[in-house]
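Sequence positions, counted from 1, serve as the residue numbers for this chain.
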Amino acid sequence: MVMTTFRCAKALQLTLAVIKPDAVAHPLILEALHQKILENKFIIVKSKDIVWQRQDSERFYAEHKGRFFYQRLVEFMSSGPMRAYILAREEAISQWRELMGPTKVFRARYVAPSTIRARFGLTDTRNTTHGSDSEESALREIAFFFPEFSAEEWMERAEPAFRAGPVEYDQDRRVHTLPGAALTGHKMQEPPQETDPQH
């Protein structure tokens, strides 16, 4: 366990972050991205490795059906393992999106060369990461990837304690917890993540 404190003036915000198959296929890149999350003071609320079936990908990207990139994106996102995170910090949505960089890898390399997509992205589809773009989409996407998780309950019962700290980072389970986490009334102490063929 590594103890740290996140003292934030404003309420923490939740966002979904996904490490896509192109990055998960390379363990060194996957680990570098995990460290990038920690270095940028995100609280990792939950983390799991998953493998999508094609129908999972189709459901998640249903709003894009009919667009030119839809089939390519659906096939890619169900092509191999991914890692999904629920992240928390002040302005988590905008902070994670800033860290990722522009969707188009060529543009990312030109305007934001230090971002994740600029450094590790291959194409506009194989661009390493996904992040929610609004509070509404964050709640919807978190529910899709983590149906057992209640964002409302976490914000009510756990967020104040995480904001005040101290917080422990569990290196084995890749999540942050509260000392004596059972006191939060939230399922913070869960078994190690396992590959999940469905959600």
Side-chain angles (χ1 to χ4, degrees), residues 13-38 40 42-65 69-89 92-93 96-97 99-100 103 116-117 120-154 158 169-177 186-199:
Q13 184 181 60
L14 295 173
T15 193
L16 178 84
V18 178
I19 310 301
K20 294 182 178 182
D22 57 312
V24 175
H26 299 280
L28 292 179
I29 294 178
L30 178 61
E31 180 59 25
L33 297 180
H34 186 79
Q35 291 303 315
K36 181 73 75 173
I37 290 170
L38 296 175
N40 282 271
F42 286 95
I43 294 169
I44 302 175
V45 178
K46 290 183 76 69
S47 165
K48 69 177 177 181
D49 295 332
I50 60 174
V51 178
W52 267 359
Q53 303 299 318
R54 183 182 175 89
Q55 58 266 31
D56 298 316
S57 191
E58 289 174 339
R59 283 197 301 126
F60 187 74
Y61 289 109
E63 64 183 302
H64 299 304
K65 190 171 184 178
F69 57 80
Y70 174 75
Q71 290 297 333
R72 183 171 69 240
L73 185 60
V74 163
E75 291 173 6
F76 167 61
M77 293 297 282
S78 54
S79 67
M82 297 182 286
R83 180 172 294 172
Y85 295 94
I86 301 174
L87 303 179
R89 62 164 288 173
I93 293 170
W96 175 243
R97 290 184 69 81
L99 195 61
M100 289 194 302
T103 300
I116 289 171
R117 286 168 170 163
F120 301 111
L122 301 174
T123 68
D124 295 349
T125 301
R126 299 172 183 269
N127 60 0
T128 310
T129 51
H130 167 83
S132 305
D133 61 7
S134 68
E135 289 189 18
E136 181 182 5
S137 67
L139 291 175
R140 183 179 67 252
E141 293 174 357
I142 287 170
F144 191 93
F145 277 83
F146 297 90
E148 77 288 356
F149 179 82
S150 170
E152 181 179 3
E153 181 184 349
W154 189 90
Y169 175 64
D170 186 329
Q171 295 177 328
D172 293 329
R173 292 167 47 235
R174 305 189 305 268
V175 295
H176 288 94
T177 62
H186 190 271
K187 295 180 180 178
M188 305 307 299
Q189 302 281 359
E190 297 191 49
Q193 291 73 27
E194 57 188 56
T195 300
D196 199 354
Q198 317 242 346
H199 338 284

All N/O donor-acceptor pairs, side-chain side in residues 27-37, below 3.5 Å, sequence neighbours left out:
from: Glu31; atom 1: OE2; to: Gln35; atom 2: NE2; distance (Å): 2.8
from: His34; atom 1: ND1; to: Tyr85; atom 2: OH; distance (Å): 2.7
from: His34; atom 1: NE2; to: Tyr169; atom 2: OH; distance (Å): 2.6

All N/O donor-acceptor pairs, side-chain side in residues 15-22, below 3.5 Å, sequence neighbours left out:
from: Lys20; atom 1: NZ; to: Asn127; atom 2: OD1; distance (Å): 2.6
from: Asp22; atom 1: OD2; to: Thr128; atom 2: N; distance (Å): 3.2

Quiz item: In chain order, what residues pass the side chain to side chain contact (heavy atoms under 4.5 Å, CB included) check against Leu73, with sequence neighbours excluded?
Solution: Tyr61, Phe69, Met77, Thr125
Exercise. Using the test salt bridge (Lys or Arg N to Asp or Glu O under 4.0 Å), find all partners of Arg72 that sit at least two apart in sequence or belong to another chain.
Key: none
Self-check item: Test side chain to side chain donor-acceptor pair (under 3.5 Å) applied to Glu75 - qualifying residues, sequence neighbours left out
Solution: none
Quiz item: Which value, rounded to the nearest 0.5 Å, describes the distance between Leu99 atom CG and Asn40 atom CG?
Solution: 4.5 Å
Quiz item: Excluding sequence neighbours, so at least two apart, what forms side chain to side chain donor-acceptor pair (under 3.5 Å) with Ser134?
Solution: Ser137
Exercise. Please name all residues satisfying side chain to side chain donor-acceptor pair (under 3.5 Å) with Glu141, sequence neighbours left out, ordered by chain then number.
Key: His130, Ser132
Quiz item: Are any of the side-chain nitrogens in Arg140 or Glu135 under 4.0 Å away from the carboxylate oxygens of its partner?
Solution: no
Exercise. Using the test salt bridge (Lys or Arg N to Asp or Glu O under 4.0 Å), find all partners of Arg83 that sit at least two apart in sequence or belong to another chain.
Key: Asp49
Quiz item: Between atom CE of Met82 and atom CD1 of Ile50, what is the distance when rounded to the nearest 0.5 Å?
Solution: 4.0 Å
Exercise. Output the distance between atom CZ (Arg97) and atom OG1 (Thr103), rounded to the nearest 0.5 Å.
Key: 6.0 Å
